[in-house]
Novice: 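First, the structure itself, so that you have it in front of you.
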Amino acid sequence: MTAVTLSRALPRLLARLLPVGLALARMAAQAVGIVAIVFLLARLIPGDAVDVKGLEGDLTAAQQSELRHQFGLDRPVAEQMAAWSWRALHGDFGDSIRFGRPVSGMLATAVPETLLFTGLSFAFGLLLAAGVAIGAVTTGNPVLRGLVNFFNVWSVALPTFCVGVVGILVFSIWLNWLPVFGSLVLPVIIIGIDSAGLIVKPLYEELAEAATSAHVRTARAKGLPGWRVTLRHLLPTAVPVTLALSGLVLTSLVAGTITMEVLFGLPGIGSLMLNAIHGRDYPVIQATIVVVAVALVAVNAATDLLHRLIDPRMSS
């Protein structure tokens, strides 16, 4: 590549990357704001982890005062935040006040469980939405068209927590098909259907509009098999809208998986966060919030970047 060509291409490249950089900076600022707010709100809750340990272990007032000094809980909140932020930037989230274990080790156990749950739910929801939407457009089957509306209404009208409670009553207690705690089957299905409901309606409408376009009608007039028309002409038009919706779905999965982990007793970030809140375990609360905030920033940044690369209209 010559210097002239490079000088011409560089401004265009910068023009495409600048919106992405600004979006990343905005989302990073939001993540920092979330962590700071949670840090402050956690300390507004009456009592702290030392009070909880005192109730559990009958600690004397002198022992509780010594523990507060040991963990820095007797220092001003601003000083605590500055010290914790500096350590966190270097990957040190401290030790759990309640259990005396490194928080990083607790995260290393919980994060893979949440990633597995989230990944399975997202994959199931995406495949379900794509299968129903493509089938409804290509076959015109009224049952599949009805499923498009059913899943869409499901995601809007039915809270996943309530569906989870009903699922436990039906499949775990009445039918005794699944264990109440520890099984991924039921929560993955519930979250997957909820995710499919967010995708299936816009995807169906996008595919239905593409199916009436001139190039698709021409392909069918030439006698191309239906599967080739779908793969070569329908699916490419659905990629941008699916990618945009995937970012929304992955963001909503953060809240959905946390509630499902608590309800079904899954050892992920949600359960770790709830137990830390109950125990006023500040280092664990802060670390889990950081993980969630960074995950949200990463998901939004990745989907936005991919959307801009796949759909040139986003860069205009």
Novice: Kindly state each residue pair satisfying side chain to side chain donor-acceptor pair (under 3.5 Å) with at least one member in residues 107-131, sequence neighbours excluded.
Specialist: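 Every pair satisfying side chain to side chain donor-acceptor pair (under 3.5 Å) with a residue in residues 107-131: Thr114-Glu261.
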
Novice: Can you name the nearest heavy-atom pair linking Val143 to Asn141, along with the distance?
Specialist: N-OD1, 2.7 Å

Novice: Rounded to the nearest 0.5 Å, what's the gap from OG1 on Thr257 to CG on Leu116? Could you check?
Specialist: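 Thr257 OG1 to Leu116 CG: 11.5 Å, rounded to 0.5 Å.
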
Novice: State, to 0.1 Å, how close Phe181 and Gly265 come at their nearest heavy-atom pair, and which atoms those are.
Specialist: CD2-N, 3.7 Å

Novice: Suppose we screen for ring-ring contact (aromatic ring centres under 6.0 Å, His included). Which residues come up paired with Trp174, at least two apart in sequence or across chains?
Specialist: none

Novice: Could you tell me whether the side chain of Ser195 reaches within less than 4.5 Å of the side chain of Leu126, counting heavy atoms only?
Specialist: no

Novice: Check whether Leu186 and Leu127 end up in the same hydrophobic cluster, where Ile, Leu, Val, Met, Phe, Trp and Tyr are linked by side-chain heavy atoms less than 4.5 Å apart.
Specialist: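 No; tracing contacts between hydrophobic side chains, which count when under 4.5 Å, never links both residues.
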
Novice: Got a sec, which residues hit side chain to side chain contact (heavy atoms under 4.5 Å, CB included) with Ile168, two or more places apart in sequence or on another chain?
Specialist: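 Result, side chain to side chain contact (heavy atoms under 4.5 Å, CB included) vs Ile168: Ser172, Ile173, Val180, Leu263, Phe264.
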
Novice: Checking Val185 now: which residues fulfil side chain to side chain contact (heavy atoms under 4.5 Å, CB included) with it, not counting sequence neighbours?
Specialist: Leu178, Ser183, Ile189

Novice: List the atom of Leu158, the atom of Asp194, and the distance in Å for their closest heavy-atom pair.
Specialist: O-OD1, 4.3 Å

Novice: Residues in ring-ring contact (aromatic ring centres under 6.0 Å, His included) with Phe161, at least two apart?
Specialist: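 Phe161: no ring-ring contact (aromatic ring centres under 6.0 Å, His included) contacts found.
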
Novice: So which of Leu107, Val103, Ile289, Asp95 actually passes side chain to side chain contact (heavy atoms under 4.5 Å, CB included) with Val284?
Specialist: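 Going through Leu107, Val103, Ile289, Asp95 one by one, the side chain to side chain contact (heavy atoms under 4.5 Å, CB included) with Val284 is satisfied by Val103 alone.
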
Novice: Where do Val292 and Thr288 land on the side chain to side chain contact (heavy atoms under 4.5 Å, CB included) test, with the steps shown first?
Specialist: CA-CA 6 Å; Val292 172; Thr288 53; 5.5 Å; no

Novice: Give every residue pair that meets the ring pair (Phe, Tyr, Trp, His ring centres under 6.0 Å) criterion with at least one member in residues 102-148, sequence neighbours excluded.
Specialist: none

Novice: What are the two closest non-hydrogen atoms of Ala130 and Leu203, and how far apart are they?
Specialist: CA-CD2, 3.9 Å

Novice: Applying side chain to side chain contact (heavy atoms under 4.5 Å, CB included), can you list everything that pairs with Ala110, at least two apart in sequence or on another chain?
Specialist: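 Side chain to side chain contact (heavy atoms under 4.5 Å, CB included) check on Ala110 returns Ile269, Leu272.
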
Novice: Using modelled atom types and a 3.5 Å cut-off, is there a donor and acceptor pairing between side-chain atoms of Thr139 and backbone atoms of Gly135?
Specialist: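 Present.
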
Novice: Following the transitive rule for hydrophobic clusters with a side-chain heavy-atom cut-off under 4.5 Å over Ile, Leu, Val, Met, Phe, Trp and Tyr, establish whether Trp84 and Val294 coincide in one cluster.
Specialist: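 Per the 4.5 Å side-chain linkage, Trp84 and Val294 are co-clustered.
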
Novice: Would a hydrophobic clustering, with Ile, Leu, Val, Met, Phe, Trp and Tyr connected at side-chain separations under 4.5 Å, put Val188 with Trp177?
Specialist: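 Yes, Val188 and Trp177 fall within the same hydrophobic cluster.
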
Novice: Anything under 3.5 Å between a donor and an acceptor, one on a side chain of residues 145-156, the other on a protein residue two or more places apart or in another chain? List them.
Specialist:
| from | atom 1 | to | atom 2 | distance (Å) |
| --- | --- | --- | --- | --- |
| Arg145 | NH1 | Gly140 | O | 2.5 |
| Asn149 | OD1 | Lys201 | NZ | 2.8 |
| Asn152 | ND2 | Gly197 | O | 3.4 |
| Ser155 | OG | Asn152 | O | 2.9 |

Novice: Linking I/L/V/M/F/W/Y whenever their side-chain heavy atoms sit closer than 4.5 Å, directly or via other members, would Ile190 and Leu175 fall into one cluster?
Specialist: yes

Novice: Any non-hydrogen side-chain atom of Ser104 less than 4.5 Å from a side-chain atom of Phe93?
Specialist: yes

Novice: Holding to side chain to side chain contact (heavy atoms under 4.5 Å, CB included), I want the full list of residues that pass it with Ala196, two or more places apart in sequence or in another chain.
Specialist: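 Scan of Ala196 (side chain to side chain contact (heavy atoms under 4.5 Å, CB included), adjacent residues dropped) gives Leu128, Ala129.
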
Novice: Could you walk me through whether Met260 and Leu266 pass the side chain to side chain contact (heavy atoms under 4.5 Å, CB included) check?
Specialist: CA-CA 8 Å; Met260 288 294 103; Leu266 302 175; 5.5 Å; no

Novice: If you group Ile, Leu, Val, Met, Phe, Trp and Tyr whenever their side-chain heavy atoms sit less than 4.5 Å apart, what else falls in with Leu274?
Specialist: Val262

